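Labels below follow one simple rule: chain letters A, B, ... track the order of the sequence lines, proteins then strands, and each chain is numbered from 1. What you see is a predicted model, and the numbers here were worked out from it, not measured in a lab. For the numbers below, each heavy atom of this structure counts, side chains included, while hydrogens, waters and symmetry mates do not.
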Amino acid sequence: MSPELSKQYDATDIERRWAREWIDAGCFTARDDDPRPAFSIVIPPPNITGTLHMGHALVLTIQDTLVRFKRMQGFATLWLPGSDHAGIATQMVVERALAKEGIQRKDLGREAFVQKVWEWKARHGSRIQEQTRAMGASVDWRRERFTMDEGLSAAVREVFVRLHQEGLIYRDQRLINWCPRCQTALSDLEVVLEPTSGKLWTIEYPVPGGARRLAVATTRPETMLGDTAVAVHPDDPRYRDLIGQEVELPLTGRRIPVIGDAELVDPEFGTGCVKVTPAHDFSDFETGRRHHLPQLTVIDTRGRMTREAGEAFAGLERFECRERVVAALQEQGLLSKISDYPTEISRCQRCNEIVEPLLSRQWFVRMEPLARPAIEAVRQGRTVFVPKSWEKTYFEWMENIRDWCISRQLWWGHRIPAWFCGCGEIVVSRETPPACPRCGGALKQDEDVLDTWFSSALWPFSTLGWPERTQALAKFYPTSLMETGFDIIFFWVARMMMMGLKFMGEVPFRTVYLHAMVRDERGQKMSKTKGNVIDPLDVIGKWGADALRFTLASMAAQGRDIKLSLERVEGYRHFVNKIWNAARFALLNLDGLSLQESRPADRTLYDRWILSRCHAVTTEVTQALEEYRLNDASATLYNFFWHELCDWYLELTKPVFAGQAGPAARAESQRVLLSALDCALRLLHPFVPFVTEEIWQRLPLSERSSHHLATSAWPQADAFPRDPEAVREMEWLIAAVTGVRTIRGESNLPPGKPLSAKVLTDRAPAREALSRHRDTILHLARLESLEFGGPGQRPPQSAVFVTPDFEVCVSLKGLIDFEAEKRRLAKDIQKSEQEEGRSKDKLSNPSFTDRAPPEIVQKERERLAECQSRLERLRRALSQIEAWSRE
RNA sequence: GGGCGGGUAGCUCAGUGGGAGAGCGCCGGCCUUACAAGCCGGAUGUCGCAGGUUCAAGCCCUGUCCCGCCUACCA
């Protein structure tokens, strides 16, 4: 560490150094036997194929800020990192890599392929961890977990077996979402709906023995090959007579029944007739079960037409088949209408392929019994959502929950612990069973693996050692906080709630804090295909992690999307630099610091003021962080540090450090500066950990409770005395200086030009305070003289600035621009007159004075009085100027 | 179809009943010995639109128009 601080802050080396040193020093290590109250968060696991994006950067910023805050407050703090194995995504990535070498997954065989995936993970799977370090995240790396770890895998088997024993996991042949490209089943949540402008085809099904036809409409004409009925409403007089009869299914030579079904059919919609394809449509599937209809699969797992589709179509790709079917129907005159129709197509979340409903045997979790306690827990407030409005979304989904298809036809993942025997026996077991318990025959394990989300649902307790009864679980479960994006509320939050309650008997987290989405500056979702992603690592490389963190924290207002603009980051980089330079200044001036006890009697007004401000700011920031208002906390700190500490305290203290107030005041100001800076750095540390740690290490503190700022104590407001009188005096001082500066600025006078000023007032306290600080005012306002006088005693040819308690006049003999001065005053008068008018109207309204709270009325009276006094003085000033300009 | 959120300065956004704010940008003046990534000063708004409640509305209510998101088996 070089003793000299460079003029400009360079984040790169400093951030890299601290990221390592904190870890080496064990600053973030959580102990299971820590007697202090716990604060714990598990990071919702990012997947191993991922690289850090802005969403992660936001998660890490928010969580790290809160975690560092709690750690400094003295909680036994655990922040647990890890990642999930992302079955589909990872398998796809590795398959693609192998394909480049000309290798197919099937050629390798299951075991060899899984081995390849592990190798891939070893090489590429830790990228996100490195990036997490770059953000400064204070996680406990020794507790890092991966969903495929031995312990977590044991937890998965345990949960599967127990749910199966209770009948909450079952196997069934039913319609599921199938991705023809990934070749696996998907859960409802892994399917995204995309609005599309489609078409609606109306097809006519002839009624045998006459010219009558039944018209049905469809958005997927190719599925008509799999129709096994036509449904009408049982009460519809148009068709009632046909129920129980048959119609001809065109192109197939088959006849299918007409059924009456009040649930499926809305007689008002379209023709009032619906074709029923139980094997290719979810609502038709249900209808088929109700009426015991045959299920005819005409599209296979690859999206091709089966033999059942008929000779003319078998083997065709599904969309090509659609065209052929339409053409054939048209040819036969059975296509009565084609209209444009807005619709939504289902796509695979991972590969974007159009998902196909497919009849298939899969494993499911019965959700309703698990959802009930999870709903109850939130109703009772055992888990609280922030912002609260998300509870509604949670309830909505939980109350209409559907069973969860958990089997996936993949190789990478937790293999389902179920074994089949030729005798029909199914064994579900934690360990591989030696033989069939019924017939003693050989067993074959289910080929499928579990949905990745099945293992992440266990994350809050599997990472802490469950199913073992560990000390870590006892100490840190339930976790304090789940912090994540609202887009993940069903994937994680809801499922973690259900599993936590089921297996731990208690909610997995006390609070769910849902942050907004990060978008680009135009409000678009960032995505690689749109090419609008902002890579956090680029931003960190350019401006530093501190700047990025402060930006995200500032913009993380609750319940609102974050439109990130790089200009904003650049702006906050300036703030980081400001912190750096304020520290440089302080360190230069703390030279020869006396380490003796602070002596309040030696304090200057500025010392008393800044200490009082430390009190207020500590209170505000602490409260804002307790309430997850990171944006308020960061704004408070920004203003305090820059516009109070730097702009006023440091400027005011320069002469004190130069010795102008004597050695005792100088020594005390040094001590106060040190303590104010120390306070500011502590408060800022959760937001900008790197720069604050670097500076804090160089502070000549007489004692350190900790080797690192990261593990030091959060400031106590009461350590800083409140001093309302000092605050009031400072307001006068600031007003006087600002008054002169404003006149100088508006009269276009060079800042170096020496001027003479006079303060006019009949208010003794203000006058006394200002005269006590005459030297300071001379210095800051660059005056050569400052006099005092009563109201009306204006120096000739002077410009005036009116404040509530006094007027500041600046002599402008020979320099005055009468017209400019008149314009300025006239404008000020006009504004004040408007204000006066509004106040008068209000006060003359009896319903206001009668009904408004007395303190509001009183405030209004004061406002009016002040306004009138101000107006009077402004008018006098204006007539004075007019008089002088005529001379 | 249902639900949720948003529309405030040129831009990005704070502001949940008592005279609209910030950052960036803009204009003018400054290399004042911590910082030009800086300092000092300044300008800028029918708070989407229309009603209503209230002594008082950016904020609460109703309607309406845009924008975004979530959710849903209308063929």
What's the gap between [N] and [M] when it is taken at their [atom1] atoms, as a whole Å value?
{"N": "B/rU62", "M": "B/rG25", "atom1": "C1'", "answer": "39 Å"}
{"N": "B/rG41", "M": "B/rU64", "atom1": "C1'", "answer": "44 Å"}
{"N": "B/rG17", "M": "B/rG5", "atom1": "C1'", "answer": "22 Å"}
{"N": "B/rG48", "M": "B/rC11", "atom1": "P", "answer": "14 Å"}
{"N": "B/rG15", "M": "B/rC47", "atom1": "C1'", "answer": "11 Å"}
{"N": "B/rG51", "M": "B/rG58", "atom1": "P", "answer": "14 Å"}
{"N": "B/rG19", "M": "B/rG10", "atom1": "C1'", "answer": "25 Å"}
{"N": "B/rA14", "M": "B/rC59", "atom1": "C1'", "answer": "13 Å"}

Taking any strand in view, what nucleotide pairs with [N] in a Watson-Crick or G-U wobble way, both distances under 3.5 Å?
{"N": "B/rG38", "answer": "B/rC30"}
{"N": "B/rG1", "answer": "B/rU71"}
{"N": "B/rC60", "answer": "B/rG52"}

Could you give the [atom1]-to-[atom2] distance, from [X] to [N], as a whole number of Å?
{"X": "A/Leu843", "N": "B/rG18", "atom1": "CG", "atom2": "P", "value": "17 Å"}
{"X": "A/Phe657", "N": "B/rU32", "atom1": "CZ", "atom2": "P", "value": "21 Å"}
{"X": "A/Asn631", "N": "B/rA22", "atom1": "CG", "atom2": "P", "value": "16 Å"}

Quick one: label [X] by what it contacts on the DNA or RNA (base, sugar-phosphate, nothing), any heavy atom closer than 4.0 Å.
{"X": "A/Glu835", "result": "base"}
{"X": "A/Leu650", "result": "base"}
{"X": "A/Leu264", "result": "base"}
{"X": "A/Arg863", "result": "base"}
{"X": "A/Tyr9", "result": "base"}
{"X": "A/Asn845", "result": "sugar-phosphate"}
{"X": "A/Ser839", "result": "base"}
{"X": "A/Phe490", "result": "sugar-phosphate"}
{"X": "A/Arg573", "result": "base"}
{"X": "A/Trp642", "result": "sugar-phosphate"}
{"X": "A/Glu344", "result": "base"}
{"X": "A/Arg744", "result": "nothing"}
{"X": "A/Lys827", "result": "sugar-phosphate"}
{"X": "A/His643", "result": "sugar-phosphate"}

Are the side chain of [X] and the backbone N or O of [Y] linked by a donor-acceptor pair below 3.5 Å?
{"X": "A/Thr803", "Y": "A/Phe801", "value": "no"}
{"X": "A/Glu286", "Y": "A/Leu264", "value": "no"}
{"X": "A/Asn845", "Y": "A/Asp841", "value": "no"}
{"X": "A/Asp227", "Y": "A/Ala229", "value": "no"}

Side chain [X] and base [N] donor-acceptor under 3.5 Å:
{"X": "A/Glu746", "N": "B/rA43", "value": "no"}
{"X": "A/Lys578", "N": "B/rC35", "value": "yes"}
{"X": "A/Gln8", "N": "B/rA36", "value": "no"}

**OP:** Give me the ring orientation class for A/Phe575 and A/Phe550: parallel if the planes are under 30° apart, tilted from 30 to 60°, perpendicular past 60°.
**Re:**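 A/Phe575 vs A/Phe550 ring planes: tilted.
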Original post:
In terms of the angle between their ring planes, are A/Tyr9 and A/Trp580 parallel, tilted or perpendicular, with boundaries placed at 30° and 60°?
Top reply: tilted
N/O (side chain, [X]) to phosphate O (OP1/OP2, [N]) under 4.0 Å:
{"X": "A/Arg402", "N": "B/rC73", "answer": "yes"}
{"X": "A/Lys7", "N": "B/rG38", "answer": "no"}
{"X": "A/Lys392", "N": "B/rC4", "answer": "yes"}

**OP:** Decide whether a cation-pi geometry holds between A/Lys842 and A/Phe848; the criteria are a distance under 6.0 Å from NZ or CZ to the six-membered ring centre and an angle within 45° of the ring axis.
**Re:**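 The answer is yes; both the distance and angle limits are met.
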Original post:
Counting side-chain heavy atoms from C-beta on, which of B/rC74, B/rC40, B/rA37 comes nearest to A/Asp647?
Top reply: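 Output: B/rC40.
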Original post:
Side chain of A/His574: nearest nucleotide among B/rG41, B/rU32, B/rG38?
Top reply: B/rG38
